[in-house]
Amino acid sequence: GQNIDQPTEMTATEGAIVQINCTYQTSGFNGLFWYQQHAGEAPTFLSYNVLDGLEEKGRFSSFLSRSKGYSYLLLKELQMKDSASYLCAVRDNYGQNFVFGPGTRLSVLP
Amino acid sequence: EAQVTQNPRYLITVTGKKLTVTCSQNMNHEYMSWYRQDPGLGLRQIYYSMNVEVTDKGDVPEGYKVSRKEKRNFPLILESPSPNQTSLYFCASSPRLAGGAKNIQYFGAGTRLSVL
């Protein structure tokens with residue numbers, strides 16, 4: 001079966017650092033994606049990991065451990081505009097099927 | 001401008017009345033997909049297409065049909081809508097890349113469907 005878990009909600013303060021975790025159990029693995037989705041809008045791509053380790057991209061970083069079925073998204077220097085849902089998604093072995101987690105709604109407070 | 005266009009954005013209909021939600025992309029992408037998004041359940045894949053005339057079921061295909069007669073278009077058809085199909089629907093497309101290369105999906109703006 002396919003299962004992806006994320007915390008439902010998180011709250012952090014402007015300027016702080018927040019880590020959003022994602023654990024997955026899937027029948028195959030060919031990459032893990034993080035998307036950002038503001039309320040009422042389409043998801044937009046943030047980061048991609050296929051090998052173990054950290055990928056950094058400006059204020060956003062994403063980490064992957066395939067042996068543990070674990071990833072996290074790290075957001076630094078939080079801004080009010082970072083208030084959104086963050087979706088973790090895994091692509092299967094054949095690159096055809098994507099499984100999304102339920103998403104984590106992040107609220108950034110002043 | 002590169003984009004995925006869905007129509008309509010909002011739709012209210014009644015049980016049993018056939019409807020089609022259109023999706024078109026102008027990026028020459030091979031892969032296209034339909035998702036529904038419900039509170040607490042996240043995005044769930046309905047159908048996807050690897051190329052023209054090639055479609056496959058995702059995780060929740062029951063009650064839906066799709067077709068891929070042209071590369072740019074991937075309509076979602078509800079032959080006999082029911083209230084449990086009330087949801088937010090997203091179409092997405094991506095270039096088909098081999099092996100472990102990135103396969104970023106670009107999403108349309110969404111279609112909010114209510115079936116009464």
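Since the structure is predicted, the reported quantities are computational estimates derived from the model, not experimental observations. Convention: sequence-line order gives letters A, B, ...; per-chain numbering from 1.
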Handout entry: A/E41 to B/F90 - nearest heavy-atom pair and separation
Key = O-CZ, 3.6 Å
Common cluster, [X]/[Y], ILVMFWY with side-chain heavy-atom separation under 4.5 Å:
X     : Y     : result
A/F29 : A/F63 : no
A/W34 : A/I4  : yes
B/Y10 : B/L19 : no
A/M10 : A/F60 : yes
A/F98 : B/M50 : yes

Exercise for the section: Verify side chain to side chain contact (heavy atoms under 4.5 Å, CB included) between B/Q105 and A/Y35, making sure each step is shown before the conclusion. Expected result: CA-CA 10 Å; B/Q105 292 190 85; A/Y35 284 82; 3.4 Å; yes
Exercise for the section: For atom CD of A/E77, decide whether the heavy atoms of other residues, nucleotides or ligands shown that lie under 6.0 angstrom number more than 12. Expected result: no
Problem - Contacting region of A/Q6 [heavy-atom separation from chain B under 4.5 Å] - result: neither
Residues that [X] engages under salt bridge (Lys or Arg N to Asp or Glu O under 4.0 Å), provided they are two or more places apart:
X     : answer
A/E9  : A/R105
A/E14 : none
A/R59 : A/D82

Exercise for the section: Using a heavy-atom cutoff of under 4.5 Å, enumerate the residues of residues 107-116 of chain B that contact chain A, numbered in order, or state 'none'. Expected result: B/F107, B/G108, B/A109
Fill in the blank from the handout: So CZ of A/F45 and OG of B/S94: to nearest 0.5 Å the spacing works out to 11.5 Å
Practice task
Using atom types as modelled and distance alone, determine if a side-chain donor or acceptor of B/Y35 lies under 3.5 Å from a backbone N or O of A/F100.
Solution key: no
Problem - Under 4.5 Å from any heavy atom of chain A - which part of B/L41 - result: backbone
Practice task
Applying side chain to side chain contact (heavy atoms under 4.5 Å, CB included), run through A/N97 and B/D59 and close with a yes or a no.
Solution key: CA-CA 9 Å; A/N97 192 238; B/D59 296 320; 4.1 Å; yes
Practice task
Against chain B, work out which of A/G31, A/P43, A/A42 has the most heavy-atom pairs shorter than 4.5 Å and name it.
Solution key: A/P43
